[in-house]
Amino acid sequence: MKVAIGFDHGGVTLRDALIEVLTGLGHEIVDFGTTGPGAVDYPDYATRVGEAVASGQCERGVLVCGTGIGMSIAANKVPGCYAALLSNCFSARMAAEHNVANVACLGGRVTGSELAKAILQAYLQAQPDRADHHQRRRDKVCQIEKGNGQ
Ligand code: RB5
């Protein structure tokens, strides 16, 4: 898969570890930075990665800030982008299977690099659950996005 990645200065500590997972699994990386410790604004990176995924340029995205919270809030403002903040492997698998989240968010100041690698691997290796009840719920999320929530 083509995977867009984006980090702020709080998340860049996980950069090398997550790139290692992505390349190890044979994915192609579209790198939106940042690459160093200089302070940047997480919404800029969330927008770039979110738009790359929502437009179809990339199939998945990975965003990392200090907590993952800012990245997930910002990415979920991009229509067509469904970002999940992940802190454990079970949630990572559920995010892919039940929610079909197309962007994974992690916290570089919260999650250690070995756990972060395991989380990303669990997320990328899980397959969407196409059962009707899950699809119905995902469709309702899309309706909210269109302003038609119940
Ligand atoms: C930057 O200091 C920090 O606020 C950011 O990385 C992130 O945690 C925001 O949610």
Side-chain angles (χ1 to χ4, degrees), residues 1-126 128-129 134 137-138 140-147 149:
M1 284 192 292
K2 233 179 188 179
V3 182
I5 60 171
F7 303 82
D8 80 352
H9 52 289
V12 79
T13 46
L14 290 180
R15 189 182 154 83
D16 291 347
L18 298 184
I19 287 175
E20 184 186 314
V21 170
L22 291 166
T23 52
L25 292 173
H27 298 299
E28 184 185 337
I29 294 171
V30 178
D31 188 356
F32 288 92
T34 192
T35 57
V40 295
D41 297 335
Y42 63 81
D44 299 338
Y45 296 85
T47 303
R48 290 168 196 148
V49 168
E51 285 180 350
V53 172
S55 70
Q57 182 197 348
C58 294
E59 288 162 82
R60 301 278 185 95
V62 177
L63 285 166
V64 191
C65 61
T67 58
I69 296 170
M71 285 294 200
S72 54
I73 291 173
N76 277 316
K77 298 295 180 194
V78 178
C81 176
Y82 306 102
L85 174 55
L86 303 175
S87 60
N88 62 77
C89 294
F90 177 74
S91 296
R93 186 161 64 82
M94 290 300 106
E97 290 182 0
H98 289 193
N99 310 108
V100 194
N102 52 15
V103 175
C105 298
L106 290 125
R109 294 174 180 158
V110 178
T111 304
S113 61
E114 287 308 311
L115 178 57
K117 284 162 69 175
I119 288 170
L120 182 57
Q121 199 155 333
Y123 167 72
L124 290 170
Q125 292 185 320
D129 186 329
H134 290 307
R137 293 163 191 159
R138 292 192 293 265
K140 287 187 177 188
V141 173
C142 293
Q143 289 305 316
I144 298 170
E145 192 174 25
K146 291 176 184 153

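Start at 1 and go down the list; that is how both ligands and their atoms are numbered.
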Report, one line per pair, each donor and acceptor closer than 3.5 Å where one atom sits in a side chain of residues 49-58; sequence neighbours left out.
from, atom 1, to, atom 2, distance (Å)
Ser55, OG, Glu51, O, 2.9
Ser55, OG, Ala52, O, 3.1
Ser55, OG, Gln57, N, 3.3

Are any protein N/O atoms closer than 3.5 Å to the N/O atoms of ligand 1? If there are, list each pair with names and the distance to one decimal place.
from, atom 1, to, atom 2, distance (Å)
ligand 1, 2 (O), Arg109, NH1, 3.3
ligand 1, 6 (O), Asp8, OD1, 3.3
ligand 1, 6 (O), Asp8, OD2, 2.6
ligand 1, 6 (O), Gly66, N, 2.7
ligand 1, 8 (O), Gly66, N, 3.2
ligand 1, 8 (O), Thr67, N, 3.0
ligand 1, 8 (O), Thr67, OG1, 3.3
ligand 1, 10 (O), Thr67, OG1, 3.4
ligand 1, 10 (O), Gly70, N, 2.8

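- A donor-acceptor contact shorter than 3.5 Å links the side chain of Thr23 to the backbone of Glu20.
- Residues passing the side-chain hydrogen bond (donor to acceptor under 3.5 Å, both in side chains) test with Arg109: none are found, sequence neighbours excluded.
- Although no hydrogens or angles enter the test, the distance criterion places a donor-acceptor pair under 3.5 Å between the side chain of Tyr123 and the main chain of Ala101.
- With contacts defined as side-chain heavy-atom distances shorter than 4.5 Å, the pair Val141/Asn99 does not qualify.
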Taking distance alone, no hydrogens or angles, what donor-acceptor pairs closer than 3.5 Å link side-chain atoms of residues 75-93 to residues at least two apart or in another chain?
from, atom 1, to, atom 2, distance (Å)
Asn76, OD1, Ala83, N, 2.8
Asn76, ND2, Ser72, O, 3.1
Asn76, ND2, Ala83, O, 3.1
Tyr82, OH, Glu145, OE1, 2.5
Asn88, OD1, Phe90, N, 3.2
Asn88, OD1, Ser91, N, 2.7
Asn88, OD1, Ser91, OG, 3.1
Asn88, ND2, Ser91, OG, 3.1
Arg93, NH1, Glu97, OE1, 3.3
Arg93, NH1, Glu97, OE2, 3.4

